[in-house]
Protein chains: 2
Amino acid sequence: MNRRPATMNDVAKRAGVSQRTVSNVVNNHVYVSEKTRQKVLRAIKELGYRPNVIAQGLRTGQTKIIALAVPNVAWPYYGEIAHAVQTEARANGLTVLMLETDAELEKEQQVLNLFGSNLIDGIIFSAVRLRAEDLRDLPASTPVVLIGHHQAGASRPNLLADVNRAAQDLVEHLYQRGARSFLLQGSTSTPMTSGPGLSRQAGFVAGLEGLGSPEVTWEMLPSGWTYREGFDALREWLTDHRPPDAVICMNDIMAIGAIRALADAGIRVPDDVLVTGWDNTRESSFMVPSLTTIGLDKAELARRAVAYLLAEKAGKRNFPEKEFVPHELLVRESTGGQQD
Amino acid sequence: MNRRPATMNDVAKRAGVSQRTVSNVVNNHVYVSEKTRQKVLRAIKELGYRPNVIAQGLRTGQTKIIALAVPNVAWPYYGEIAHAVQTEARANGLTVLMLETDAELEKEQQVLNLFGSNLIDGIIFSAVRLRAEDLRDLPASTPVVLIGHHQAGASRPNLLADVNRAAQDLVEHLYQRGARSFLLQGSTSTPMTSGPGLSRQAGFVAGLEGLGSPEVTWEMLPSGWTYREGFDALREWLTDHRPPDAVICMNDIMAIGAIRALADAGIRVPDDVLVTGWDNTRESSFMVPSLTTIGLDKAELARRAVAYLLAEKAGKRNFPEKEFVPHELLVRESTGGQQD
DNA sequence: CTGAAAGCGCTAACAG
DNA sequence: CTGTTAGCGCTTTCAG
């Protein structure tokens with residue numbers, strides 16, 4: 001009982017019309033007489049016909065599949081992005097192919113290679129390592145939108161937060177809360193160091209310098225961007241340093257690791273040390289203490305990213321290379337605010 | 001400059017061989033003389049040829065794409081599962097299509113419909129609402145593997161933890177720590193109530209009854225399975241109840257919400273109340289207090305799920321309907337253990 | 001408004 | 001070992 005699935009031809013035969021007519025009905029392409037239409041629809045139902053999207057794809061050159069490439073969906077931030085993209089894609093009749101890059105250049109390049117295979121109509125790419133030249137080799141007709149910080153010259157639309165502005169707001173907030181000595185955690189010599197890493201770090205440094213206060217000092221603490229690495233890095237650091245007034249972490253999960261390290265050392269947050277994250281992952285508002293962080297409108301990001309892809313497909317190609325998505329500073333308990 | 005991508009035919013012409021030979025080289029199908037092979041490879045490189053996977057898919061009926069369907073990848077547990085599946089899929093030359101169901105029956109059924117469209121070779125399905133009959137309507141040739149608890153009779157392999165065993169271990173652990181009154185949070189009347197919800201709840205009830213102690217009492221607290229709902233439900237409950245000895249939450253994120261609610265009420269964990277989660281999401285070991293939970297070997301789950309799909313494709317179909325994946329009880333600070 | 005037919009790029013008989 | 005060729009299921013041009 002291994003019945004081959006019904007094809008359009010089967011439907012045509014059964015309905016006593018031509019394949020062309022079935023196609024017209026399925027895609028309600030041109031006007032079809034109501035009688036014929038009903039005949040065809042009945043045949044479709046009787047045979048349980050479903051269009052073969054692969055055949056459609058071969059014929060039309062479009063698959064209605066978009067790829068989402070991120071370092072790792074198990075990271076809450078990327079999981080939330082993936083959810084937003086998936087939701088938006090579905091609303092536009094697209095399906096999402098999930099690609100992980102582990103923040104490795106080679107895997108990021110492999111993602112671009114996918115284009116050659118005609119599988120996808122576009123990519124929403126949270127690239128970390130990719131250089132401008134990698135993008136430039138692509139045929140101009142391949143829709144790519146970069147999300148999160150990426151260096152200039154990519155000649156592709158790039159959706160991101162106004163990092164400098166956000167970093168500045170955060171630093172000023174900490175300064176107002178009395179912080180004068182800062183530890184910047186998660187900056188250098190890790191996989192995430194290229195795009196977002198460097199840019200957030202640069203933003204913070206600019207913000208700190210912008211304070212123009214001679215009392216203000218800061219130090220860098222290299223660290224990977226995971227819970228574990230955030231924890232390890234700060235624990236290690238605390239063995240031979242006294243706590244700063246504030247620990248600025250490059251993302252939320254690292255901050256959670258850092259807070260854990262502080263707790264183990266008997267240092268209270270925010271009483272002894274202020275701590276901040278970045279990304280506003282869901283957990284950051286429910287943990288104890290809740291975490292001060294920078295939040296990006298992820299749904300809006302996804303909306304615009306998908307819209308770009310669709311627009312590019314439709315032939316429009318006049319996009320600003322860089323476009324800001326709204327962000328906000330969320331002041332919570334880890335810097336003396338309230339849970340929200 | 002809108003050059004059409006090179007086809008296999010272009011390569012054949014350039015190399016001065018037939019398409020057949022190119023195909024043989026690309027798929028190293030049969031033996032090809034070294035000289036010819038080199039000629040072909042050069043032509044491929046010169047033209048930048050990449051096989052069109054859609055055409056391959058149409059011809060072979062296989063796309064090497066598998067779907068992963070989960071309620072919501074923004075939930076840490078599903079994000080971690082997605083990561084594990086993605087990793088395993090890549091290792092087997094497969095790509096992953098990501099589908100979200102929001103734990104709604106209708107969307108779960110839509111996922112199954114995807115099969116009709118010939119897009120995917122199989123589905124790894126974390127179904128929550130789907131009933132056995134939904135699965136039964138499928139052609140027998142459609143590889144589906146269910147992950148997480150699903151009711152019986154699905155006639156598809158189902159990979160899951162030994163829920164009863166895990167629940168029993170957890171309950172006994174709490175009992176040993178002195179808990180006599182229990183609150184079971186997250187059980188009834190929510191989207192997650194069907195599959196996993198009911199099964200965990202049943203496991204806990206069985207475990208509590210199994211204690212055989214007349215002192216033991218318990219109560220149900222309905223709650224959604226999110227941070228927010230976990231928080232709201234317990235906060236509300238605490239307004240007119242005195243705290244139990246232990247709050248057993250159906251998953252980790254709900255537990256995090258619950259702990260937050262306890263903290264707001266000035267109730268200490270684990271000093272005043274013990275709290276447990278389920279899933280061993282990454283954050284659960286770094287939060288303060290770290291969370292006692294049930295951990296499933298997600299990488300192993302993904303490995304077996306992909307292996308099933310591959311095996312089914314290869315024609316083997318003798319799978320146990322239900323198969324346990326290793327799990328463990330992780331005793332952490334929220335029940336008086338250590339961080340790990 | 002509908003039919004006939006070409007062909008998207010590839011794989012795999014079938015011949016040689 | 002390699003060439004010829006027939007489709008996979010669909011969309012769409014061209015006629016009618």
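Excluded from the calculations below are hydrogen atoms, water molecules and symmetry mates; all remaining heavy atoms, backbone and side chain alike, are included.
The phosphate of dC10(D) (OP1 or OP2) has no side-chain N or O of T60(A) nearer than 4.0 angstrom. Taking only side-chain nitrogens and oxygens, S18(A) comes nearer than 4.0 Å to OP1 or OP2 of dG3(C). In this model, the phosphate group of dC1(D) is not approached by any side-chain N or O of T36(B) to a distance below 4.0 Å at OP1 or OP2. An OP1 or OP2 oxygen of dT11(C) is reached within less than 4.0 angstrom by a side-chain nitrogen or oxygen of Q56(B). Note on N52(B): every side-chain N or O is 4.0 Å or more away from OP1 and OP2 of dC8(C). Here S33(B) reaches the OP1 or OP2 of dT2(D): one of its side-chain N or O atoms lies under 4.0 Å away.
For S23(B), counting side-chain heavy atoms from C-beta on, the closest listed nucleotide (dT11(C), dC10(C), dT11(D)) is dT11(C). In this structure, of dT13(D), dG9(C), dC10(D), it is dT13(D) that holds the atom nearest to the side chain of R20(A). Closest approach to the R59(A) side chain among dC10(C), dA6(C), dT2(D) is made by dA6(C) (side chain taken as heavy atoms from C-beta onward). Of the candidate nucleotides dC10(C), dC8(D), dG3(C), dC8(D) has the atom lying nearest to any side-chain atom of L58(B). Of all nucleotides listed (dA6(C), dT2(D), dG3(C)), dT2(D) comes nearest to the side chain of T21(B).
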| Passes salt bridge (charged side-chain N to carboxylate O under 4.0 Å, His left out), K107(B) versus E100(B)? Steps please. | CA-CA 8 Å; K107(B) 290 194 183 141; E100(B) 288 187 332; over 6 Å; no
| task | Please assess L130(B) against L112(B) for the test side chain to side chain contact (heavy atoms under 4.5 Å, CB included), listing each intermediate value before the final yes or no. | result | CA-CA 10 Å; L130(B) 217 55; L112(B) 294 181; 3.8 Å; yes
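The CZ atom of R50(A) sits 21 Å away from the P atom of dC8(D) (whole-angstrom rounding). Per the geometry, CG belonging to N9(A) stands 9 Å off P belonging to dG9(D), to the nearest Å. Across the protein-nucleic acid pair, N24(A) atom CG and dC10(D) atom C1' stand 12 Å apart, rounded to whole Å. We find that CD of E34(B) is positioned 11 Å from P of dT2(D), with the value rounded to whole Å. If you measure from atom CG of N118(B) to atom P of dG9(D), you get 8 Å, rounded to the nearest angstrom. Between the C1' atom of dG3(D) and the NZ atom of K39(B) lies a distance of 13 Å, rounded to the nearest Å. The CD-P distance, from Q19(A) to dC8(D), rounds to 11 Å in whole Å. Between M8(B) atom CE and dT11(C) atom C1' there is a gap of 8 Å when expressed in whole angstrom units.
For N52(B) (side chain) and I54(B) (main-chain N/O), a donor-acceptor pair under 3.5 Å exists by modelled atom type. A donor-acceptor pair under 3.5 Å is formed between the side chain of N158(A) and the backbone N or O of L146(A). For the pair E321(A) (side chain) and P157(A) (backbone), a donor-acceptor distance under 3.5 Å is absent.
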